[in-house]
Amino acid sequence: MRLKGKKAIVTGAAQGLGAAIARALADNGACVLLTDLNGEGAAQVAEEIGRTHGPGRAYAAPHDVSSEADWADVVAIAEEKLGGLSVLVNNAGIVVTGSVEDLSLEEWKQGFSVNCDSVFLGTKLALPLMRRSQPASIVNISSIAGLIAGHNFANYNASKAAVWLLSKSIALHCAHNGWDIRCNSVHPTFIRTPMLSDIARGRDEDAVFAKLARQVPLGRLGEPSDVANAVLYLASDESRFVTGAELKLDGGISAM
């Protein structure tokens, strides 16, 4: 019960990392609001959590994380249903592939809108509520691709790097104002999720995953639980002296 009494929002929670994070937070005592563009999927995960932990532990809402109006609605739901907010996990994201010459301006803006604007909007609108529930924690899911570039990931590299430094700015803003609100970023490498399956689409998935695993010094892909456990630490009061940091979950890739 490391998060007993905590009230959390997890975006992109209909599947993959978001669903795993929401389950981990609930398993450790938090009440969780799961949001996703796929509102039905988020509701299914919330219902599963409710069956395990009882009523009042998980709620769901449809959510376009690039919409300021949607964020205002989600924060209002958190205040009404959870009674406040002490943990914000900005997890929702998309992968837009292509080199700087391949991408259209529309694709470029879409990637930044979902990956980075969402963190700006969510934090800006959630902070007034989080200030009432200190100590509090903001956890932003970036990527190892926000620290290490690839020739055909111009948008993903740039947008996830923006999340990395935005997280530091948020951390310093909160500290400057004397609030007990931390902000950190998490940087996974290849994690076995539906998003990774989308990258392999049209090819032999097992062969693609094996090739990716060979790039990782530990010799395997990450699992959603690897990320969920890291978020659990950053969301808990165990990390009260950790802010403005980046946690690399990359199996050693960035050490090479």
Side-chain angles (χ1 to χ4, degrees), residues 1-13 16-35 45 49 52-53 57-58 78 82 84-93 119 122-123 126-127 130 133-147 160 163-175 179-193 216-218 220-255:
M1 303 299 285
R2 295 159 68 187
L3 297 182
K4 185 177 181 180
K6 297 293 187 182
K7 304 151 189 176
I9 291 174
V10 181
T11 67
L17 292 185
I21 291 166
R23 291 188 186 103
L25 300 188
D27 288 347
N28 282 271
C31 295
V32 186
L33 173 59
L34 296 81
T35 79
V45 179
I49 293 172
T52 301
H53 296 290
R57 291 291 300 282
L82 305 182
L85 183 64
S86 47
V87 177
L88 173 62
V89 182
N90 286 304
N91 165 74
V119 177
T123 303
L127 273 175
M130 298 185 81
S133 297
Q134 300 178 51
S137 176
I138 300 166
V139 184
N140 297 326
I141 307 301
S142 179
S143 170
I144 202 63
L147 305 175
K160 288 299 189 178
V163 171
W164 172 44
L165 282 186
L166 176 56
S167 299
K168 292 180 182 294
S169 179
I170 293 166
L172 294 174
H173 168 70
C174 293
W179 305 329
D180 193 356
I181 303 176
R182 309 177 313 283
C183 183
N184 297 285
S185 57
V186 175
H187 299 257
T189 188
F190 313 119
I191 307 295
R192 201 183 299 270
T193 64
V216 181
L218 286 182
R220 67 172 179 88
L221 301 182
E223 299 295 336
S225 60
D226 294 322
V227 180
N229 287 332
V231 173
L232 175 59
Y233 165 68
L234 292 173
S236 76
D237 291 346
E238 297 161 18
S239 59
R240 282 189 68 179
F241 202 55
V242 180
T243 196
E246 58 282 333
L247 181 52
K248 302 172 187 175
L249 308 176
D250 67 353
I253 285 180
S254 61

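All values below come from the heavy atoms of this structure, side chains included, with hydrogens, waters and symmetry mates left out.
- Side-chain contact between I49 and L34: present, with at least one pair of heavy atoms (C-beta onward) separated by less than 4.5 Å.
- At least one side-chain heavy atom of L147 sits less than 4.5 Å from a side-chain heavy atom of I144.
- In this structure, the side chains of I181 and Q134 come closer than 4.5 Å at one or more pairs of heavy atoms.
- Looking at heavy atoms from C-beta onward, L3 lies out of side-chain contact with S86 at the 4.5 angstrom threshold.
- Each of N91, T11, I141, N140 was compared with V119 under the side chain to side chain contact (heavy atoms under 4.5 Å, CB included) criterion, and only N140 meets it.
- A 4.5 Å side-chain heavy-atom check between L247 and S185 finds every atom pair outside the cut-off.
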For H173 and T123: C-alpha separation, side-chain torsions, deciding distance, then whether side-chain contact (heavy atoms from CB on, under 4.5 Å) applies. CA-CA 11 Å; H173 168 70; T123 303; over 6 Å; no
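- S143 has its side chain out of reach of H187: every pair of non-hydrogen atoms, C-beta onward, lies at least 4.5 Å apart.
- Note that CZ of R220 is 11.0 Å distant from OG1 of T189, once rounded to the nearest 0.5 Å.
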Mind running side-chain contact (heavy atoms from CB on, under 4.5 Å) on V139 and I21 for me, showing each step along the way? CA-CA 11 Å; V139 184; I21 291 166; over 6 Å; no
Verdict with reasoning, I138 to M130, per side-chain contact (heavy atoms from CB on, under 4.5 Å): CA-CA 9 Å; I138 300 166; M130 298 185 81; 3.9 Å; yes
Applying side-chain contact (heavy atoms from CB on, under 4.5 Å) to L25 and K6, what does each step give before you reach the verdict? CA-CA 9 Å; L25 300 188; K6 297 293 187 182; over 6 Å; no
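- Side-chain contact between S239 and R182 is present, with heavy atoms from C-beta onward closer than 4.5 Å.
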